[in-house]
2 protein chains.
Amino acid sequence: MQLRDTLGLDEKRAIIQSARDRLHFSSGEDLVVEGDRPMRCVLVTSGFACRYRLLPSGERQIMAIHLPGDFVDLHSFLLKEMDHSVGALTECTAVGFPHESLLQVTERFPHLTRMLWLMTLIDAAGHREWLIGLGLLSAPQRTARLFCEIYKRLEIVGLARDHEFRFPVTQVAMGDALGISAVHVNRVVQELRQQDLITWERGTVRILDWSRLVATGQFSDRYLHLVREPR
Amino acid sequence: MQLRDTLGLDEKRAIIQSARDRLHFSSGEDLVVEGDRPMRCVLVTSGFACRYRLLPSGERQIMAIHLPGDFVDLHSFLLKEMDHSVGALTECTAVGFPHESLLQVTERFPHLTRMLWLMTLIDAAGHREWLIGLGLLSAPQRTARLFCEIYKRLEIVGLARDHEFRFPVTQVAMGDALGISAVHVNRVVQELRQQDLITWERGTVRILDWSRLVATGQFSDRYLHLVREPR
DNA sequence: CGCGCTCTTGACGAACATCAAGCTCCGTGG
DNA sequence: CCACGGAGCTTGATGTTCGTCAAGAGCGCG
């Protein structure tokens with residue numbers, strides 16, 4: 001949040017005091033389920049989570065991957081009913097913020113409210129990026145782009161550097177995120193490896209050629225809106 | 001907005017008084033362009049608009065279709081820089097709301113602020129629906145779903161009934177929205193016609209069998225969050 | 001040691017893209 | 001009133017990307 005505008009001391013205090021229970025989820029567990037009407041919002045503090053939806057056929061579409069620092073269901077504060085689920089891709093820890101406390105915050109702190117609003121807008125911008133991937137890009141492009149996105153976002157929150165990061169996610173999950181079959185994910189990853197763009201072994205990704213990977217995935221971080229300015 | 005929660009008289013007055021200039025766009029014209037830093041937000045009052053992005057290759061992905069009553073770039077109020085464009089699919093009229101006025105609103109009216117926030121959250125929910133379409137559904141399913149979505153939303157704002165609506169949009173634009181080629185759109189539409197699901201002639205769509213079209217497109221209006229409750 | 005999960009590879013098929021051509025409709029100007 | 005032109009729609013032939021099915025290999029875990 002502090003990356004996009006400066007928070008006042010009282011604002012910081014208000015948001016910190018809204019945090020309640022510490023939560024823990026093991027890999028595969030759901031943080032929230034489609035149809036739920038949660039009483040709190042969840043901020044991930046460690047691990048990877050994802051938003052997804054299941055079709056009756058059992059197919060899964062992952063619509064976003066969430067990292068530590070992400071408010072995965074802040075929208076439930078106003079939408080009330082979840083239109084999708086959030087699951088833990090790895091073991092996760094998190095903090096809950098009761099809707100009741102958030103309501104108080106919005107009543108008293110207009111600027112902080114706008115910053116929370118902004119968080120959800122950046123989420124939506126992420127959805128639009130994802131849409132471009134699914135609609136316009138080939139499987140190798142999408143895959144390259146996803147690696148770029150995860151690395152960039154991890155780097156921003158200080159969880160990755162030197163073009164390397166832990167990514168203990170299965171190829172099946174990758175397929176669900178990229179909208180392609182797990183078999184095809186495998187082939188595409190082979191291809192990226194062969195082109196000396198990345199390595200990916202035992203849950204660790206190393207990006208060997210950032211600029212070529214960015215070009216392949218047509219990645220841009222504009223959608224993250226990383227400029228600090230009055231909002 | 002009034003469909004999701006009740007507005008007070010002072011809130012109604014505040015939002016109405018924020019409206020400034022009446023705008024007019026002819027078909028194909030852009031309301032806002034990627035990279036812009038608009039000083040106002042635009043509410044469409046007639047016609048169809050769409051959010052889209054262009055790739056360097058010239059391909060276009062349409063990410064949402066907007067109808068009268070939609071605040072097409074409300075997110076620019078906080079995101080500041082547009083990460084996509086908004087174009088008029090048909091002739092459009094609209095109203096501008098200066099960011100400055102919206103800022104005043106958020107400083108004074110917490111509940112109204114939450115309602116504006118909610119508008120952008122419903123937009124994001126729409127993006128997630130679109131993602132499911134592109135990621136998991138076949139071309140005929142996506143197409144059926146799009147017709148369901150447009151009809152449902154038009155019906156809500158009182159612009160369609162009897163399962164019929166004006167839809168003066170080309171098959172090329174449909175392809176850009178559905179992530180398939182225009183040629184394939186044509187074939188799929190033929191198929192829907194042959195199955196007596198719809199007719200589509202001279203810019204008018206008629207849905208012949210709503211429940212079968214809903215089933216084909218696996219459409220649900222849950223993402224529109226049409227329940228009126230305190231937010 | 002054996003079981004299950006994930007990754008890997010090959011063969012085959014389906015969905016959709018691309019290219020190309022002809023058609024319909026409609027507005028425009030002579 | 002008709003000829004013309006252009007935009008959009010329609011249809012066919014061919015090619016590519018990716019899905020599905022199937023089988024085997026590696027690896028961690030009980």
Side-chain angles (χ1 to χ4, degrees), chain A residues 26-29 48 55 57-62 88-91 133-147 166-194 198-205 216-217, chain B residues 26-28 48 55 57-62 88-91 133-147 166-195 198-205 216-217:
Chain A
S26 39
S27 179
E29 208 176 333
F48 289 96
L55 292 194
S57 62
E59 292 170 294
R60 176 169 77 153
Q61 179 65 48
I62 292 178
L89 283 172
T90 66
E91 206 175 3
L134 291 181
L136 254 21
L137 302 185
S138 68
Q141 290 176 309
R142 287 179 217 181
T143 311
R145 171 178 279 232
L146 184 58
F147 286 129
R166 289 242 69 214
F167 194 56
V169 165
T170 68
Q171 293 186 353
V172 172
M174 280 286 277
D176 290 346
L178 298 170
I180 61 185
S181 70
V183 171
H184 203 58
V185 169
N186 189 281
R187 290 189 234 271
V188 165
V189 169
Q190 304 291 341
E191 197 182 319
L192 296 181
R193 288 202 257 246
Q194 236 176 0
I198 61 154
T199 64
W200 184 14
E201 292 169 320
R202 272 161 282 114
T204 297
V205 172
T216 304
Chain B
S26 39
S27 179
F48 289 95
L55 292 193
S57 62
E59 292 169 294
R60 178 169 75 151
Q61 179 65 48
I62 292 179
L89 283 172
T90 67
E91 206 176 2
L134 291 181
L136 291 179
L137 302 186
S138 67
Q141 289 175 310
R142 286 180 218 180
T143 311
R145 171 178 278 233
L146 184 59
F147 286 129
R166 288 243 69 212
F167 195 57
V169 166
T170 69
Q171 294 186 354
V172 172
M174 280 285 279
D176 291 345
L178 298 170
I180 60 185
S181 69
V183 171
H184 203 59
V185 169
N186 189 281
R187 290 189 233 270
V188 165
V189 170
Q190 303 292 340
E191 198 181 318
L192 296 181
R193 288 202 256 245
Q194 237 175 1
Q195 297 175 332
I198 60 154
T199 63
W200 183 14
E201 292 169 320
R202 271 160 284 114
T204 297
V205 172
T216 304

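What you see is a predicted model; the values in this text were computed from it and never measured. Chain letters run A, B, ... following the sequence lines, proteins first, then strands; residues in each count from 1.
- Looking at residues two or more places apart in sequence or on another chain, you find a side-chain contact (heavy atoms from CB on, under 4.5 Å) between A:Val183 and A:Ser181, A:Arg187.
- Partners of B:Ser57 according to the side-chain contact (heavy atoms from CB on, under 4.5 Å) rule, which considers only residues two or more places apart in sequence or in another chain, are B:Leu55, B:Glu59.
- Evaluation of the side-chain hydrogen bond (donor to acceptor under 3.5 Å, both in side chains) rule for A:Ser27 yields no partner, not counting sequence neighbours.
- Taking all atoms of both residues into account, the shortest heavy-atom contact from A:Thr216 to A:Pro140 is CG2-O, 4.4 Å.
- Taking the screw axis at each terminus of the helix from C:dC1-D:dG30 to C:dG30-D:dC1 from five consecutive base pairs, the angle between the two is 30° to within rounding of 10 degrees.
- By the 30° and 60° cut-offs, the orientation of the rings of A:Phe167 relative to A:Trp200 is tilted.
- Checked against side-chain contact (heavy atoms from CB on, under 4.5 Å), B:Gln195 has the following partners two or more places apart in sequence or in another chain: B:Glu191, B:Leu192, B:Leu197, B:Arg212.
- Checking the phosphate oxygens (OP1, OP2) of D:dT10, a side-chain nitrogen or oxygen of B:Gln171 falls inside 4.0 Å.
- Taking a heavy-atom distance under 4.0 Å as the criterion, the stretch of DNA chain C touched by chain A extends 5' to 3' from C:dT6 to C:dA11.
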Pairs under 3.5 angstrom, nitrogen or oxygen only, protein versus nucleotides 12-21 of chain D, please.
residue: D:dG12; atom: N7; partner: B:Arg187; partner atom: NH1; Å: 3.3
residue: D:dG12; atom: O6; partner: B:Arg187; partner atom: NH2; Å: 3.4
residue: D:dA13; atom: N6; partner: B:Arg187; partner atom: NH2; Å: 3.2
residue: D:dC18; atom: OP1; partner: A:Ala139; partner atom: N; Å: 3.0
residue: D:dC18; atom: OP2; partner: A:His184; partner atom: NE2; Å: 3.4
residue: D:dC18; atom: O5'; partner: A:His184; partner atom: NE2; Å: 3.4
residue: D:dG19; atom: OP1; partner: A:Ser181; partner atom: N; Å: 2.8
residue: D:dG19; atom: OP2; partner: A:Ser181; partner atom: N; Å: 3.1
residue: D:dG19; atom: OP2; partner: A:Ser181; partner atom: OG; Å: 2.9
residue: D:dT20; atom: O4; partner: A:Arg187; partner atom: NH2; Å: 3.1

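- When rounded to the nearest whole Å, the span between CG of A:Asn186 and P of D:dA25 equals 16 Å.
- Remark: A:Thr170 engages no residue in a side-chain hydrogen bond (donor to acceptor under 3.5 Å, both in side chains) (not counting sequence neighbours).
- Under the side-chain contact (heavy atoms from CB on, under 4.5 Å) criterion, A:Thr204 pairs with A:Glu164, A:Arg166, not counting sequence neighbours.
- Every residue was checked against the salt bridge (Lys or Arg N to Asp or Glu O under 4.0 Å) condition with A:Arg142, not counting sequence neighbours, and none meets it.
- For residues 172-186 of chain B, the pairs satisfying salt bridge (Lys or Arg N to Asp or Glu O under 4.0 Å) are B:Arg60-B:Asp176, with sequence neighbours left out.
- Considering only side-chain N and O atoms, B:Arg202 lies nowhere under 4.0 angstrom from the phosphate OP1 or OP2 of D:dC9.
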